[in-house]
Amino acid sequence: MDLRELYQELILDHNRNPRNRRHLEKASRIAMGYNPLCGDKVTIELLLDSQGSILDIAFEGSGCAISTASASLMTEAVKGKTPKQIEAIFEKFHSEVTDQPCPKHQDVELGKLVALIGVKKYPARVKCATLAWHTLKAALDQVGETVTTE
Amino acid sequence: MSTVSAASILETQEPSIRDFDVNRIRRDFPILHQTVNGKPLVYLDNAATSQKPQKVLDTLERVYREYNSNIHRGVHTLSQTATTEYEKVREKVRSFINARSEREIIFLRNTTEAINLVAKCYGPANLKAGDEILITTMEHHSNIVPWQLLCEQTGAVLKIAPINDAGELMLDDYEKLLNEKTKFVSMAHVSNALGTINPVRQIVDLAHACGAKIMLDGAQAAPHLAINVRDLDCDFYTVTGHKMFAPTGIGILFGKHDLLEEMPPYQGGGEMILSVTFEKTVYNKVPHKFEAGTPHIAGAIGLGAAAQYISAIGLDSIASHEHDLLAYGTEKLQEIPGLTLIGTAGNKAAIMSFTLEGVHPHDVGTILDLEGIAVRTGHHCAQPTMERFGITATTRASLALYNTKQDIDALVMGVRKVIEVFG
Ligand SMILES: Cc1ncc(COP(=O)(O)O)c(C=O)c1O
């Protein structure tokens, strides 16, 4: 296994300079995620339009490079998307990182998120890559409590 | 000489050090001779669990191949052999920790169960609302939560003794926390997250002087330093087999005989009784009173083999070998820019916890794993300890008797690689 497969330049860059890591003044939804394995916490804030699409998104919290880069890349990937589109991206992403087939979303493009697919070879780290997504889903579903990866 | 530091052993035990041949010891541990991710395995996760020598593996196999049988009350030959071998371990463990009597040795699953047993069986009868239980900031969760549960049950109050920036107990503050309300104190002999060796001999006296009973968590002590419960005079002591080269699922609680006699049973079932009728059940004598059900027979016999293995090499030699490695590793790690050691006590076991500026421990752990190096990353079941240092996690390299300077060199190279990647 090559460590550059996991720690690609794009991931290292998003870890060093996370995009949308800030506080959203006018958030309409907020959710917190927690990974008990590593103690990592992430907060996702959303500003939705009347159709439920994401106008703006921000995250806060700190964790490993994989979880920080994943949160950062996620915020870029979902901005402007509808809940339905986001669900499709998450399902596709989730099946890629857990090495499962995803016949339902053959045509969904993952774009830059592809950089994270290397974690599928590191089962202990998959949760790092999915924490932000689970938290986003909780925010969209308006589940009040902290979500955990367990 | 239970709390003797490795440094003083170095001065007094020269001959046995020369006998210590790490390459010969490595040959005793088959698992070490493999590659992981294409690199020779460097196993530095001994504080989580240790590897097993061939002698222990052979012992386990012999139990199941030659005389596997349930113990006690069997009249047939295999059962008698199994019972004899199992009970022999009680004597081996007694001698290993220098208890007065075999009856003070209780077989349990692990340290966690031992602490829970003491909290459940000693606690309620001896603590009332307003009494205090004193622990420290450097405890494993298993030496925190059982006491929290006991406090909830009895209305006793949990007090926490502080530690300094080096990860050492602050003795002045400790003494101030002890008072006539303190009924029980519990403390790690050696901290798993920091490596600190606590001055337990002194603490026992302080606790007894104010009338408190004391339990010592020896999970991290047993594989590294000689334990002498009689000299320590502690009331309870616990070790966990899997960290001292024995199988998982077997551990020991030592308790002073009089205290054990007074305590009610832990669980009800077979073996812990003398006679059962629906009107009245008469409990078995200690230690059997605390050993309900079929125990981990092979595990206990394996633990006996592990204790014998350690004793044959000698804990003094082991401690001095590890102390050399600790000194070497500490020096090498400290040369790495951005690396901070967490836990720099003067009296320390060979555990090196550290943070790396700008890199999360999980990333360190994954990159080291790709180099074949096994370390632990995270909070090490000691979240309050992490909090004390203002962090959530560390990378921890913990050594055992089979580790070498080459292992440390590999670790240092690995950490430098991490820095290169994250640079
Ligand atoms: C100091 C200390 N206490 C208690 C424990 C718990 O041991 P076990 O899981 O074997 O019960 C550990 C193990 O990590 C430890 O390091």
Side-chain angles (χ1 to χ4, degrees), chain A residues 1-18 21 32-43 59-73 97 99 115-132 146 148-150, chain B residues 35-41 45 48 140-141 145 193 338 342 353 355-396 410 413-423:
Chain A
M1 269 184 273
D2 181 9
L3 78 101
R4 292 287 174 182
E5 240 177 273
L6 181 62
Y7 293 103
Q8 298 186 11
E9 211 38 63
L10 188 68
I11 290 180
L12 295 173
D13 173 45
H14 276 257
N15 176 51
R16 264 192 299 269
N17 310 298
R21 183 151 83 183
M32 261 147 50
Y34 177 57
N35 181 351
L37 179 77
C38 52
D40 288 349
K41 290 180 184 132
V42 66
T43 304
F59 81 100
E60 283 180 300
S62 62
C64 64
I66 304 299
S67 75
T68 304
S70 178
S72 171
L73 287 163
V97 295
D99 216 4
L116 285 158
I117 290 175
V119 297
K120 70 181 174 198
K121 289 191 187 148
Y122 304 84
R125 302 300 302 278
V126 168
K127 286 171 177 175
C128 307
T130 56
L131 176 63
T146 298
T148 83
T149 52
E150 294 302 292
Chain B
T35 56
V36 168
N37 294 322
K39 307 280 169 60
L41 168 65
D45 194 18
H140 188 277
H141 293 166
V145 185
I342 305 293
S353 249
T355 58
L356 209 53
E357 203 182 318
V359 192
H360 191 282
H362 274 169
D363 297 314
V364 180
T366 294
I367 293 175
L368 291 179
D369 178 55
L370 287 168
E371 298 294 310
I373 304 165
V375 294
R376 189 135 301 238
T377 57
H379 54 56
H380 317 296
C381 291
Q383 282 181 315
T385 316
M386 298 292 108
E387 203 173 302
R388 162 64 181 78
F389 288 91
I391 53 181
T392 54
T394 71
T395 303
R396 180 186 71 186
M413 287 241 298
V415 174
R416 290 192 186 276
K417 189 151 197 173
V418 173
I419 294 172
E420 213 180 282
V421 172
F422 280 85

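A note on names: the letters A, B, ... follow the listed sequences, proteins ahead of strands, and every chain is numbered from 1.
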Kindly compute the distance separating CD1 (B:Ile367) from OH (A:Tyr7), expressed to the nearest 0.5 Å.
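Rounded to the nearest 0.5 Å, the CD1-OH separation comes out at 5.0 Å.
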Among B:Thr366, B:Val359, B:Val364, B:Thr377, residue most engaged with chain A (heavy-atom pairs, under 4.5 Å)
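Of B:Thr366, B:Val359, B:Val364, B:Thr377, B:Thr366 has the most heavy-atom pairs under 4.5 Å with chain A.
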Donor-acceptor contact present, side-chain B:Asp363 to main-chain A:Ala65, <3.5 Å:
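Looks like yes, one N/O pair under 3.5 Å.
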Minimum heavy-atom distance A:Arg125-B:His362, with the two atoms named
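Where A:Arg125 meets B:His362 most closely, the heavy atoms are NH1-O, 2.9 Å.
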To check you understand the geometry: which heavy-atom pair defines the closest contact between B:Val421 and A:Leu3, and what is its length?
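In this case the closest contact between B:Val421 and A:Leu3 is CG2-CD1, 3.3 Å.
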Let me know if A:Leu6 has heavy atoms under 4.5 Å from chain B in its side chain, its backbone, both or neither.
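Just the side chain, heavy atoms under 4.5 Å.
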Residues in ring-ring contact (aromatic ring centres under 6.0 Å, His included) with A:Phe59, at least two apart?
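Testing A:Phe59 for ring-ring contact (aromatic ring centres under 6.0 Å, His included), a comparison that skips the adjacent residues, returns none.
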For B:His360 and A:Asp40, does a side-chain donor sit closer than 3.5 Å to a side-chain acceptor?
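Looking only at side-chain atoms, A:Asp40 and B:His360 do form a donor-acceptor pair, the distance falling under 3.5 Å.
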Please tabulate, one pair per line, all N/O donor-acceptor pairs under 3.5 Å involving side-chain atoms of residues 369-376 of chain B, not counting sequence neighbours.
unit_1, atom_1, unit_2, atom_2, d
B:Asp369, OD2, B:Asn37, ND2, 3.3
B:Glu371, OE1, B:Lys39, NZ, 3.4
B:Glu371, OE2, B:Lys417, NZ, 3.2
B:Arg376, NE, B:Asp45, OD1, 3.3
B:Arg376, NE, B:Asp45, OD2, 3.0
B:Arg376, NH2, B:Asp45, OD2, 2.9

